[in-house]
Chemist: 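Got a structure here, written out as structure tokens. Questions coming.
What you are looking at is a predicted structure, and each value in this text was computed from that prediction instead of being measured.
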Amino acid sequence: QVQLVESGGGLVQPGGSLRLSCAASGSIAGIGYMRWYRQVLGNERELVAAITSGGATNYVDSVTGRFTISRDNAKNTAFLQMNSLKPEDTAVYYCNANIKSRRQIGWFDYWGQGTQVTVSS
């Protein structure tokens with residue numbers, strides 16, 4: 001019943017900005033870490049940014065200084081602010097979160113369906 005839904009992707013020119021959102025819904029008791037991955041068709045999925053429940057963040061070197069991950073715990077939502085976008089940022093971006101469901105024992109990993117980001121002139 002727990003779901004993650006990404007939104008905010010689209011087409012943007014190099015140097016532009018986008019803000020992605022990841023909304024968790026369902027019978028949620030708690031959310032631990034939340035992460036953003038990206039994947040180009042034919043390539044492996046790459047971890048882009050992560051944020052802990054306490055707000056500590058980490059980024060892959062290629063986006064450090066340009067991307068910012070954040071979260072709104074009251075809304076069970078994570079964000080990825082992407083600035084100074086480059087063509088190599090083009091990918092499907094996926095949200096991933098460790099979630100405790102009210103209906104199950106323990107914590108489980110959940111994935112969103114992905115949102116397309118295209119950076120092109």
Chemist: CG/Asn83 to CZ/Arg19 distance, rounded to the nearest 0.5 angstrom?
Modeler: 11.5 Å

Chemist: For a quick test of reading the model, state the closest non-hydrogen atom pair linking Gly8 to Leu18 and the distance between them.
Modeler: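 Taking Gly8 first and Leu18 second, the nearest heavy atoms are O-CD2, 3.8 Å.
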
Chemist: Does Arg38 make a cation-pi contact with Tyr94 (under 6.0 Å, within 45 degrees of the axis)?
Modeler: no

Chemist: Please lay out, stage by stage, how Thr118 and Gln116 fare under the test side chain to side chain donor-acceptor pair (under 3.5 Å).
Modeler: CA-CA 6 Å; Thr118 302; Gln116 176 71 48; 3.3 Å; yes

Chemist: Determine whether the side chains of Gln39 and Glu44 contain a donor N or O and an acceptor N or O closer than 3.5 Å.
Modeler: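 No, no side-chain donor-acceptor pair sits under 3.5 Å.
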
Chemist: If we ignore hydrogens and angles and just use 3.5 Å, is the side chain of Lys86 paired with the main-chain N or O of Thr90 as donor and acceptor?
Modeler: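 Absent.
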
Chemist: Side-chain contact test, heavy atoms from C-beta onward, threshold under 4.5 Å: evaluate it for Val117 versus Met82 and give yes or no.
Modeler: yes

Chemist: Measuring from atom CD1 of Ile99 to atom CZ of Phe108, what distance do you get when rounded to the nearest 0.5 angstrom?
Modeler: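 Result: 11.5 Å between the selected atoms.
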
Chemist: According to a hydrophobic-cluster definition based on side-chain heavy atoms being under 4.5 Å apart (Ile, Leu, Val, Met, Phe, Trp, Tyr only), do Val92 and Met34 belong together?
Modeler: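 No, Val92 and Met34 fall in different hydrophobic clusters.
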
Chemist: Which residues pass the ring-ring contact (aromatic ring centres under 6.0 Å, His included) test with Tyr37, not counting sequence neighbours?
Modeler: Trp111

Chemist: May I ask you to check whether over 12 heavy atoms, not counting those of Gln3, lie within 6.0 Å of atom CD?
Modeler: no

Chemist: Specify the closest pair of heavy atoms between Ile51 and Ser70, including all atoms of both residues, with the distance to one decimal.
Modeler: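 Here Ile51 and Ser70 meet closest at CD1-CA, 3.9 Å.
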
Chemist: Ser84 and Arg66: which non-hydrogen atoms are nearest, and at how many Å?
Modeler: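 Where Ser84 meets Arg66 most closely, the heavy atoms are O-NH1, 3.0 Å.
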
Chemist: Supply the atom-to-atom distance Ser25 OG to Asn76 CG, rounded to the nearest 0.5 angstrom.
Modeler: 9.0 Å

Chemist: Under 4.5 Å between any side-chain heavy atoms of Phe79 and Thr68, yes or no?
Modeler: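 They are not in side-chain contact.
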
Chemist: Does Cys95 offer a backbone N or O that forms a donor-acceptor pair with the side chain of Glu6 under 3.5 Å?
Modeler: yes

Chemist: Give the minimum heavy-atom separation between Gly9 and Leu20, together with the two atoms involved.
Modeler: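 Distance-wise, the nearest heavy atoms are N-CD2, 3.6 Å.
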
Chemist: So how far is it from Asn96 CG to Cys22 SG, rounded to the nearest 0.5 Å?
Modeler: 8.5 Å

Chemist: Quick one: closest heavy-atom pair of Arg35 and Ala50, and the distance?
Modeler: CG-CB, 3.6 Å

Chemist: Does the side chain of Ser120 come within less than 4.5 Å of Pro87's, by heavy atoms?
Modeler: no

Chemist: Stepwise, does the side chain to side chain contact (heavy atoms under 4.5 Å, CB included) test hold for Phe67 with Leu85?
Modeler: CA-CA 9 Å; Phe67 291 12; Leu85 283 162; 3.9 Å; yes

Chemist: So do the side chains of Tyr93 and Leu80 get within less than 4.5 Å of each other, counting heavy atoms only?
Modeler: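 SC-SC contact between Tyr93 and Leu80 confirmed.
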
Chemist: Could you walk me through whether Tyr110 and Asn98 satisfy the side chain to side chain contact (heavy atoms under 4.5 Å, CB included) test, starting with their C-alpha distance in whole Å, then the side-chain angles of each, then the deciding distance to 0.1 Å, before giving a yes or no?
Modeler: CA-CA 6 Å; Tyr110 292 87; Asn98 195 45; over 6 Å; no

Chemist: When you compare the side chain of Glu46 with that of Val60, does any pair of heavy atoms fall below 4.5 Å?
Modeler: yes

Chemist: Does a side-chain heavy-atom distance below 4.5 Å link Ile69 with Tyr59?
Modeler: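 Ile69 reaches Tyr59 side chain to side chain.
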
Chemist: Taking Arg71 as the fixed residue, which of Ile31, Thr77, Thr57, Thr52 is the one that meets the side chain to side chain contact (heavy atoms under 4.5 Å, CB included) rule?
Modeler: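 With Arg71 as partner, Ile31, Thr77, Thr57, Thr52 yield a single side chain to side chain contact (heavy atoms under 4.5 Å, CB included), made by Ile31.
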
Chemist: Taking all atoms of both residues into account, what is the closest heavy-atom pair of Gly30 and Trp107, and its distance?
Modeler: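 Gly30 and Trp107 have their closest heavy atoms at O-CZ3, 3.5 Å.
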
Chemist: Would you say Tyr33 and Asp109 are linked by a side-chain donor-acceptor pair, where the criterion is simply a distance under 3.5 Å?
Modeler: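 There is such a pair between these side chains.
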
Chemist: Are a donor atom and an acceptor atom from the side chains of Ser27 and Gln1 found within less than 3.5 Å of each other?
Modeler: yes

